[in-house]
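Worksheet: one structure, shown below.
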Number of protein chains: 2
Amino acid sequence: MPSNVSQRQNNKLESDESVRTARTGIRGRPRADALTSDRRSQILKVSARLFAEYGFENTSVRQIADEVNLLAGSLYHHFATKEDILHEILQEPLRRIVEDNIAITKLQVDAEHKLIINTITRFRRHVYDGHFDSIILNDGNFFRRRADFAYVQKAKQRVFDLLETILKDGMVAGLFHPGIDTYLMIGTIARILASAAAWFRSGDIYTSDKPASYSFDRVLDFHLDCILRMIRTPSRLNEPIPREACERLALLV
Amino acid sequence: MPSNVSQRQNNKLESDESVRTARTGIRGRPRADALTSDRRSQILKVSARLFAEYGFENTSVRQIADEVNLLAGSLYHHFATKEDILHEILQEPLRRIVEDNIAITKLQVDAEHKLIINTITRFRRHVYDGHFDSIILNDGNFFRRRADFAYVQKAKQRVFDLLETILKDGMVAGLFHPGIDTYLMIGTIARILASAAAWFRSGDIYTSDKPASYSFDRVLDFHLDCILRMIRTPSRLNEPIPREACERLALLV
DNA sequence: GTCTATACAGTGATAGAC
DNA sequence: GTCTATCACTGTATAGAC
């Protein structure tokens, strides 16, 4: 899954032509099979990728238009402003976060299982909603400055609230060591998962003697291990991590 | 130290006027006491702050010029390009990283002490070279795209190399548990410290029931504890963290 | 639904007067 | 060392023809 998306092809002429002929070929007859009203979702998909790579403010509407073979002006038939595109990109991933949290809260398992399931789920989302995740990470300053994007912070808050509940429950149940500063630990766990997923997506290789292509599962296991070491009460450190059981439950989330 | 720098005052007219009178008042007589040839370092300081807050690409030369009470064109008497300003901002913090690494390598202490000293040093740099750190973090994509900034990656590599040596030594010495995947652990530790420092600087408060103003030392202790839990061989988990001894050595670094 | 054409503010950078 | 004036370009966005 790790990939390097670097080549910013300057395919203006080439693609302009190819598509123009394609379009003329079906003039007046909107195909239902392919991407008809899909212009809209096509724009969303391309924008998400560009925003993730260059940042929202550093992506121009011309760049977006180029990649969907439109002229800049034509974008404004589909969206009122560039910011509206961003709003719509954020909508679904944010909804998923809320749904995940509700589902995990309802589970009838102990705090450690919930922690593991939450970790699996969050890490999966971070990795597979990669564009969303990059945007949230890279344009964090932008979202903080702009009041009309405050709902982004609200979703983040929900994630923190769930983690807080889990940590406190686990401490009461004696599963986690009693000295945990939940406030600091919540932030630390969240940042570990987000930044690890960003690394995993980018496929960044920093050390020479490990060309290393790590699988999703291996990276996930590593971080589960780290998090449980930070949190478990020492006497429980050698207990196995109920990975499979939690994995099954995580799929239902 | 945590602060919120949000207000981007639109004081163009106001400051334009006030300064113009101030300058006319001392026309022709450059004061030696204040900032004479300091124009240059003043520009660097202001630029670092702006780049850190808005990102390099989203900061305009006019913004910089405004804040040092110059016109945009005049900046080009001091620097050839906007990118040169960035190059110079990066120079010193990067040099410090290299020096830190050399100093730590030379220390005659065991791997765990080195790990702790390295953690203290890195965290301190992250927090107090805050502008540098924000730039590295926020404009990471920019640096990765641009070959003429490759030296940034090189410094990062040195940090990783040192951590790798420490981890391997500690495992051989039986101080750290033997199963550590050093490659993954290096990245995880580095990201934990960088992202924790970014959080600490921003003073971001995400949970309602903890208004919490954490001290530098408290946050550092928390992360030292987390890192050692992840790494120590279980039987050594209850040994105290030699904080003071390492703190003294870290000050010499 | 897309294109042509354009408005208009902002961008990094330069030339030459003072 | 700073200012004035300006260049060539890119930024988001709009109006109206097809």
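Each chain gets a letter, A, B and so on, in the order its sequence line appears, and its residues count up from 1.
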Are B:Arg201 and B:Asp133 ion-paired here, with the side-chain N under 4.0 Å from a carboxylate O? yes
I need the CZ-P distance between B:Phe79 and D:dT2, as an integer number of Å. 12 Å
Donor-acceptor pair present, A:Arg62 side chain and D:dG11 base, under 3.5 Å: yes
Check every atom of C:dC3, D:dT2, D:dT12 against the side chain of B:His78 and return the nucleotide holding the closest atom. D:dT2
Name the residue from A:Leu75, A:Ile85, A:Val68 that meets the side chain to side chain contact (heavy atoms under 4.5 Å, CB included) definition with A:Ser47. A:Ile85
Counting only N and O atoms by type, is there a donor-acceptor contact under 3.5 Å from the side chain of B:Glu67 to the main-chain atoms of B:Ile64? no
A:Glu83 atom CD is separated from D:dA13 atom C1', nearest whole Å, by 13 Å
Counting heavy atoms from C-beta on, name the nucleotide in D:dC3, C:dG12, C:dT2 closest to the side chain of A:Leu70. C:dT2
D:dT2 phosphate, OP1 or OP2, under 4.0 Å from B:Arg39 side-chain N/O: yes
Considering just the side-chain nitrogens and oxygens of A:His77, establish if one lies under 4.0 Å of OP1 or OP2 belonging to C:dG1. yes
Check the distance between D:dG11's P and A:Gln63's CD and give it to me in whole angstrom. 7 Å
How long is the line joining CZ of B:Phe56 and C1' of C:dT11, in whole Å? 12 Å
In sequence, state the C-alpha distance, the side-chain angles, and the governing distance for A:Glu57 and A:Arg145, and then conclude on salt bridge (Lys or Arg N to Asp or Glu O under 4.0 Å). CA-CA 13 Å; A:Glu57 294 172 291; A:Arg145 282 200 302 271; 3.4 Å; yes
I'd like to know if the side chain of B:Thr59 reaches the main chain of B:Tyr54, judged simply by a donor and an acceptor atom lying under 3.5 Å from each other, with no hydrogens or angles considered. no
Rounded distance (Å) that lies between atom P of C:dG10 and atom CG of B:Asn58: 15 Å
Under 3.5 Å, which protein N or O atoms sit close to an N or O of nucleotides 14-18 of chain C? Give each pair with its distance.
none

Find the distance B:Lys82:NZ to D:dT10:P and express it as a whole number of Å. 15 Å
Of the listed nucleotides (D:dT12, D:dT2, C:dG12), which one gets closest to any side-chain atom of A:Ser60? D:dT12
Decide yes or no on ring pair (Phe, Tyr, Trp, His ring centres under 6.0 Å) for A:Phe142 and A:Phe56, but give the supporting numbers first. CA-CA 9 Å; A:Phe142 173 79; A:Phe56 171 70; 5.2 Å; yes
Lys/Arg N to Asp/Glu carboxylate O, A:Arg95 vs A:Glu99, below 4.0 Å: yes
Taking atom P of D:dC3 as reference, at what distance in whole Å does atom CG of B:Asp66 sit? 11 Å
How close or far is atom C1' of D:dT4 from atom CG of B:Leu71, stated in whole angstroms? 8 Å
